[in-house]
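Here is the structure we will look at.
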Amino acid sequence: MLTRSVLRKAPRAFSPFLQKRNLALHEYISHDILRKFGVDVPRGAPARSGEEAEKVARDLKVTDLVVKAQVLAGGRGKGQFDSGLRGGVRPVYDATEARMFAEQMIGHKLITRQTGPAGKICNVVYVCERKFIRKEYYFAILMDRENQCPMIVASDQGGVDIETVAAENPSAIIKRSLPNSPNLDPHIAEELVDKLGFSSSSKPKAVDAIVKLYKVFNDCDATQVEINPLAETTDHKVLCMDAKLNFDDNAEFRHSNIFVLRDISQEDPDEARAAKVGLNFIKLDGNIGCLVNGAGLAMATMDIIKLHGGEPANFLDVGGNANAEAIREAFSLITNDPKTTAIFVNIFGGIVRCDVIAKGLISVVSALNLNIPIICRLQGTNQGAAKEVINNSGLRIFSFDDLDEAAKKACRFSRVVEMAREADVNVSFELPL
Ligand code: ADP
Ligand code: MG
């Protein structure tokens, strides 16, 4: 799966926040979508048990097959299962072998360079025909948000990790911005196919595949159509061996048939829970929990925390409706993460009044009986009343007007808690600090 480092010049398109908000689909579903658009992919079908895998393999009536773990991560081929099995993409030679590998994959976690050590559960395998590849290419269409247009990223060094190619041999990556149009001009595809070096007999098929992949990107409101490898086979066919398709969540209402195929077993349970209640929540590596309304303010809050030497534990946008229920859910999600050492609440009271938020905050904090400091900046309608309510609450909520000062305090308190935890001592924050 392509990440930010490949397109440094278009960082917004690769913001982890924006990517994670997208719907990602399993390869076997993505292949079905490609088939509907007339794009060539290997024949195959999903299986949820060893027995099913054996049946699919028999029905395919070929003896060269591959069993592919369906987990939403890149690098499956080089991954390892917690069962000890090496490789999430295994060539097999008959239906019995397909069953054997499927049984070793299903119900186990696959760890790849993209999943982290926790891995991702494999509940489904994709049994498909094994094709003999002459050359592997990398091909992707993405939404370049900076230039507000689609963009092709391609390379003749496909199959392998594209990030490594980008790091070691950046000139091997071709980037091409595209005009915003419902169809791709075939001349653009021809130009690209020439540059990539497809054999002359496969060129028209490669052009056809690229034009159709663009149609998928446009018609399905995709944010990413990544084919790695786009393969030229020994008999000069052009096939999409792998497919990593992402879709814009904002277009869900137009593609409910696609969005029902979301597999939440592949998502972080906290993030899935947040999405259900309308919170935009993404876990990060730091320890300062952030509770903010508005994505822009949330980004700015994370920036200012980093500026003062802190590390945000999450991105959390409670949205326009920062009511007590949303705040309760947000606090519960933030405090679920044991590494949280401070919580920074930064809310702008526009339509929602600050004193109402303050009351919600107090009821949640007192109910949760938290022992980590809460730094709070409520600005906007009724901010004076909000401050008074907080100061009179007797809770360890530290209220500030100035963003810079609040962020500095959040970082300082967080460090104190961190040090206290390291030394295994209890620290109590008393006003004023
Ligand atoms: P991932 O990118 O997650 O590792 P891929 O689907 O790209 O998974 O598979 C890894 C490699 O396995 C591909 O680069 C390709 O060489 C090979 N491969 C995948 N599917 C097939 C197939 N149907 N036939 C032959 N080789 C395949
Ligand atoms: Mg791949």
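Every number for a ligand or one of its atoms is a count from 1 in the order of the listing. On a predicted model such as this, the values are computed, not experimentally measured, just so you know.
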Glu27 near ligand 1 by a heavy-atom separation under 4.0 Å: yes

Protein residue, atom and distance nearest to atom 22 (C) of ligand 1, heavy-atom basis: Val66 CG2, 3.5 Å

Ser155 side chain vs Ala172 backbone, donor-acceptor pair below 3.5 Å: yes

Angle, O of Asn228 through the Mg ion (ligand 2) to OD2 of Asp242 - 10° precision: 100°

Side chain, backbone, both or neither: Glu129 near ligand 1, heavy atoms under 4.0 Å: backbone

Shortest protein contact, atom 14 (O) of ligand 1 (heavy atom only): Glu136 OE2, 3.2 Å

Flag: protein heavy atom within less than 4.0 Å of atom 11 (C) of ligand 1: no

Lys/Arg-Asp/Glu bridge criterion (N-O < 4.0 Å) met for Arg262, Glu267: yes

Minimum-distance protein heavy atom relative to atom 24 (N) of ligand 1: Lys131 N, 3.0 Å

Pair Lys205 + Asp208, salt bridge at N-O below 4.0 Å: no

Heavy atom of the protein closest to atom 18 (N) of ligand 1 (residue, atom name, distance): Val89 CG1, 4.3 Å

Minimum heavy-atom distance between Val238 and Ala209, given as atom pair plus value: CG1-CB, 4.2 Å

Carboxylate-amine/guanidinium proximity below 4.0 Å for Lys306 and Glu311: yes

Ligand 1 contact on Ile133 by region, counting heavy-atom pairs under 4.0 Å: side chain

Identity and distance of the protein heavy atom lying nearest atom 6 (O) of ligand 1: Lys68 NZ, 2.7 Å

Cationic tip of Lys135 above Tyr137 ring, under 6.0 Å, 45° of axis: yes

Within reach of ligand 1, part of Lys244 (heavy-atom separation under 4.0 Å): side chain

Ligand 1 atoms in contact with Arg76 (distance to a heavy atom under 4.0 Å): 1 (P), 3 (O), 4 (O), 5 (P), 6 (O), 8 (O)

For atom 5 (P) of ligand 1, closest protein heavy-atom neighbour: Asp242 OD2, 3.5 Å

Sub-4.0 Å atoms of ligand 1 with respect to non-hydrogen atoms of Gly77: 1 (P), 4 (O)

Note: Glu103-Arg99 ion pair, threshold 4.0 Å (strictly below): yes

N-O pairing of Arg113 and Asp161 below 4.0 Å: yes

Enumerated ligand 1 atoms positioned under 4.0 Å from heavy atoms of Arg130: 24 (N), 25 (C)

Contact atoms of ligand 1, heavy-atom distance to Pro229 under 4.0 Å: 7 (O), 13 (C), 14 (O)

Carboxylate-amine/guanidinium contact Asp40 Lys237, below 4.0 Å: no

Carboxylate-amine/guanidinium proximity below 4.0 Å for Lys244 and Asp242: yes

